[in-house]
Amino acid sequence: MNCSDLIIIGAGPGGYKAAVYAAKKGLKVTIFEDVNVGGTCLNVGCIPTKTYVHSKDFKEAVERQPQVVEALRSGVETLLSHPNITLVREKGVFINANTVSGVTAPNIIVATGSSAKMLPIPGADEQNVGSSTELLGLKELPKRLCIIGAGVIGMEFASVFQKFGSEVTVVEYLKECLPMVDGDIAKRLRKLLEKRGITFYMGAGVKSIEPTPNPSLKGGEQSKSFPLGEDLGEAVLFEQKGKEVAVEADYVLMATGRKPNVSPDFANAGFEYDERKGIAVDENFETSVKGIYAIGDVNGRQMLAHAAEMQGIHVVNRILGIEDKIRFDFMPAAIFTEPEAACVGPTEDQLKEQGVPFECHKSFYRANGKALAMNETEGMVKLCCEPEEGKLLSAHVFGAHAADIVQEVTAYITLGATLRQLRETVHIHPTLSEVLIEVN
Ligand code: NAI
């Protein structure tokens with residue numbers, strides 16, 4: 001039987017970063033990965049998507065995607081070639097609470113990630129219906145793309161495929177897109193994308209998808225009754241304000257959330273888990289079995305690559321008896337549409353619900369010199385803080401490089417700084433960051 005100090009199942013951003021950090025600290029690590037190192041984020045998520053965002057057209061995006069992914073993947077493989085790490089290229093299977101596929105260790109981290117949650121509706125398995133993974137695998141640009149769900153994935157793909165020239169329609173069950181984002185910002189982003197030509201059906205629950213002959217490819221008229229025929233396109237059927245509506249598309253992206261990757265062998269370890277919610281963990285990401293931890297999407301807490309990474313670092317610190325002050329309650333997030341939207345901390349509505357006394361300060365990109373020079377005048381910043389320019393509570397930004405701007409505020413919030421201290425920090429002129437000290 002092989003022995004390690006730490007077993008990690010899954011080499012996504014949570015797993016591989018934890019492995020490298022633990023190895024550098026002197027632990028002997030065995031990490032299992034049965035697909036590709038880098039996980040969803042590197043292979044079929046954040047990285048390919050950002051390559052699309054930064055490509056001028058679909059052809060360039062399709063060509064560059066494998067090159068970028070391959071370069072990063074080989075970087076991760078190099079990191080995992082550390083002498084303290086054994087990478088096992090197979091599925092790690094729990095035999096008992098200390099043993100995974102013939103390897104034993106006193107500590108185990110489960111970092112198995114998540115997969116796309118497909119709606120259980122008729123037609124979900126049609127040939128031209130898929131998740132973001134399948135959409136990223138298309139070699140031909142769909143002329144008409146229908147996206148179900150206006151969450152993070154739906155909005156990012158709507159923005160980029162519209163730029164490439166697809167006719168994009170988004171169908172969303174809720175009244176507004178991006179429910180986790182400040183309402184003002186979500187509305188501004190949707191309106192901007194609408195102005196660019198994306199059609200949004202809000203308050204519309206999709207009920208089924210039917211194959212339809214694809215008249216656009218044959219140069220014919222749009223079919224109204226969707227008779228079964230040559231399966232070249234799909235019709236997405238939904239109800240809006242009591243009316244049945246149908247949208248025809250060459251491809252349908254289902255962006256209706258993700259589900260944790262759990263496996264029946266978890267039962268051999270004895271910790272609590274649920275198919276829908278994932279593995280139950282405490283504030284230190286420890287499961288109900290001591291010494292077994294679950295980090296990243298599989299614990300269903302915050303489905304973000306950087307959240308997984310920081311959770312992994314925290315767990316390794318716990319194993320080594322190192323105290324850290326990572327603030328999991330202030331998790332910044334960004335939506336990589338064009339322009340970006342990003343946030344950290346509670347929205348205005350959440351602060352109101354919590355009964356927290358606060359004030360809200362705003363500024364607009366159109367008054368910022370750098371934004372004007374960049375021709376990026378569409379955007380706004382909202383900072384919430386305790387009264388009288390007190391402790392910063394949250395930041396919500398919509399506009400070019402919103403993620404970088406929110407990152408700056410995240411540093412202030414993490415250190416417990418006030419809005420006054422932010423204003424007193426010298427900002428280089430001219431920069432987009434000045435929008436922060438320009439808040440009214
Ligand atoms: P999501 O949970 O953000 O959004 C799903 C949307 O689908 C919701 O707005 C929901 O109301 C809608 N929906 C569900 N059923 C529907 C129906 N029958 N008809 C119409 N609409 C329906 O999920 P999404 O966008 O798939 O993302 C999954 C996860 O991946 C999220 O946790 C997200 O944070 C993460 N992610 C983060 C990224 C980032 O940080 N930039 C990028 C991509 C994903």
Side-chain angles (χ1 to χ4, degrees), residues 12-14 39-53 113-124 129-136 146-160 169-181 183 186 189-190 199-209 236-240 244-247 249 252-261 276-278 296-310 331-344 397 402-404 406-407 410:
T40 299
C41 167
L42 195 160
N43 295 290
V44 286
C46 326
I47 300 301
T49 318
K50 261 85 272 177
T51 310
Y52 273 46
V53 169
S114 64
S115 335
K117 195 160 62 183
M118 302 298 275
L119 287 177
I121 54 168
V129 180
S131 69
S132 52
T133 305
E134 284 84 43
L135 185 59
L136 285 167
C146 180
I147 299 178
I148 308 176
V152 183
I153 296 183
M155 294 301 278
E156 287 185 356
F157 279 92
S159 169
V160 75
T169 304
V170 181
V171 187
E172 164 60 49
Y173 178 73
L174 299 173
K175 287 206 176 70
E176 191 48 272
C177 67
L178 300 169
M180 69 303 278
V181 166
L189 175 59
R190 179 174 54 83
T199 306
F200 284 90
Y201 288 94
M202 308 307 287
V206 173
K207 291 175 156 177
S208 65
I209 301 166
V236 176
L237 293 113
F238 55 91
E239 210 182 275
Q240 195 191 37
E244 296 276 338
V245 188
V247 168
V252 180
L253 165 65
M254 230 191 256
T256 48
R258 297 184 62 85
K259 59 176 191 303
N261 287 336
R276 208 169 46 88
K277 295 193 212 139
D297 289 9
V298 75
N299 69 26
R301 291 263 173 115
Q302 291 157 315
M303 289 196 170
L304 296 164
H306 48 278
E309 288 176 13
M310 297 309 282
M331 188 57 64
I335 297 114
F336 294 93
T337 42
E338 280 181 76
E340 295 172 2
C343 58
V344 62
V397 182
D404 302 278
V406 161
Q407 192 58 58
T410 307

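Read the numbers this way: they start at 1 and go in the same order the structure lists the ligands and their atoms. We use all heavy atoms of the structure for the numbers below, so side chains are in, but hydrogens, waters and symmetry mates are not. Along the sequence shown, the residues carry numbers beginning at 1.
No side-chain donor-acceptor contact under 3.5 Å links Glu156 to the backbone of Ile335. In this structure, Thr169 contributes its side chain and Thr199 its backbone to no donor-acceptor pair below 3.5 Å. Remark: the backbone N or O of Val44 is not paired with any side-chain donor or acceptor of Ser132 at under 3.5 angstrom.
Ligand-side atoms of ligand 1 in range of Val171: 20 (C), 21 (N), range being under 4.0 angstrom from any heavy atom. Heavy-atom proximity to Ala204, at under 4.0 Å, picks out these atoms of ligand 1: 19 (N), 20 (C). Within ligand 1, counting atoms from 1 as listed, the ones closer than 4.0 Å to a heavy atom of Gly205 are 19 (N).
Residues Leu178 and Ala186 approach most closely at O-CB, 4.3 Å, considering heavy atoms. The two residues Ala150 and Met155 have their closest heavy-atom pair at O-CG, 3.7 Å.
Distances shorter than 4.0 angstrom do not occur between any heavy atom of Lys207 and any atom of ligand 1. Residue contacts with ligand 1: Ser132 is excluded, as none of its non-hydrogen atoms falls under 4.0 Å. Ligand 1 has at least one atom lying under 4.0 Å from a heavy atom of Ala334.
Among protein heavy atoms, atom 16 (C) of ligand 1 sits closest to Thr256 CG2, 3.9 Å. Residue, atom and distance of the protein heavy atom nearest to atom 1 (P) of ligand 1 are Gly151 CA, 4.1 Å. In terms of protein heavy-atom proximity, atom 21 (N) of ligand 1 is nearest to Tyr173 N, 3.1 Å. Atom 7 (O) of ligand 1 has its closest protein heavy atom at Gly149 CA, 3.4 Å. Nearest non-hydrogen protein atom to atom 35 (C) of ligand 1 is Met303 O, 3.4 Å. With respect to atom 11 (O) of ligand 1, the closest heavy atom belonging to the protein is Glu172 OE2, 2.6 Å. Protein heavy atom nearest atom 40 (O) of ligand 1, with residue, atom name and distance: Leu304 CD2, 3.2 Å. Scanning the protein heavy atoms around atom 5 (C) of ligand 1, the nearest turns out to be Ala255 O, 3.4 Å.
Within the 4.0 Å heavy-atom criterion, the part of Met180 lying near ligand 1 is the side chain and not the backbone. Contacts of Cys46 with ligand 1, taken as heavy-atom pairs under 4.0 Å, are absent altogether. At a heavy-atom distance under 4.0 Å, no atom of Thr49 approaches ligand 1. Only the side chain of Leu119 comes within 4.0 Å of ligand 1, judged by heavy-atom distances.
When the options Lys259, Arg258, Lys50, Glu176 are ranked by their closest heavy atom to atom 28 (C) of ligand 1, first place goes to Arg258. By heavy-atom distance, the residue among Gly300, Ala341, Gly257, Pro120 lying nearest atom 26 (O) of ligand 1 is Gly257. The option from Thr337, Ile153, Val236, Leu174 that lies nearest to atom 27 (O) of ligand 1, judged by heavy atoms, is Ile153.
The shortest side-chain heavy-atom distance between Ile121 and Ile209 falls under the 4.5 Å cut-off. Taking the side chain as every heavy atom from C-beta outward, Cys146 and Val171 approach each other to under 4.5 Å. The shortest distance between side-chain heavy atoms of Thr256 and Tyr173 does not fall below 4.5 Å. Taking the side chain as every heavy atom from C-beta outward, Phe336 and Thr49 never approach each other to under 4.5 Å. Considering only heavy atoms from C-beta on, Val170 stays 4.5 Å or farther from Phe157 through its side chain. Contact annotation: the side chain of Arg258 approaches that of Thr40 to within less than 4.5 Å [non-hydrogen atoms, C-beta and beyond].
Interatomic distance, Glu172 CD to Met202 CE, rounded to the nearest 0.5 Å: 5.0 Å. Distance check: Leu135 CG to Met254 CE gives 13.0 Å after rounding to the nearest 0.5 Å.
Backbone and side-chain nitrogen or oxygen atoms of Val152 are examined, and one is located within less than 3.5 angstrom of a nitrogen or oxygen of ligand 1. Checked by distance only, ligand 1 and Val206 come closer than 3.5 Å through their nitrogen or oxygen atoms.
For the residue pair Thr410 / Gln407, no side-chain donor-acceptor distance below 3.5 Å is found, with atom types taken as modelled.
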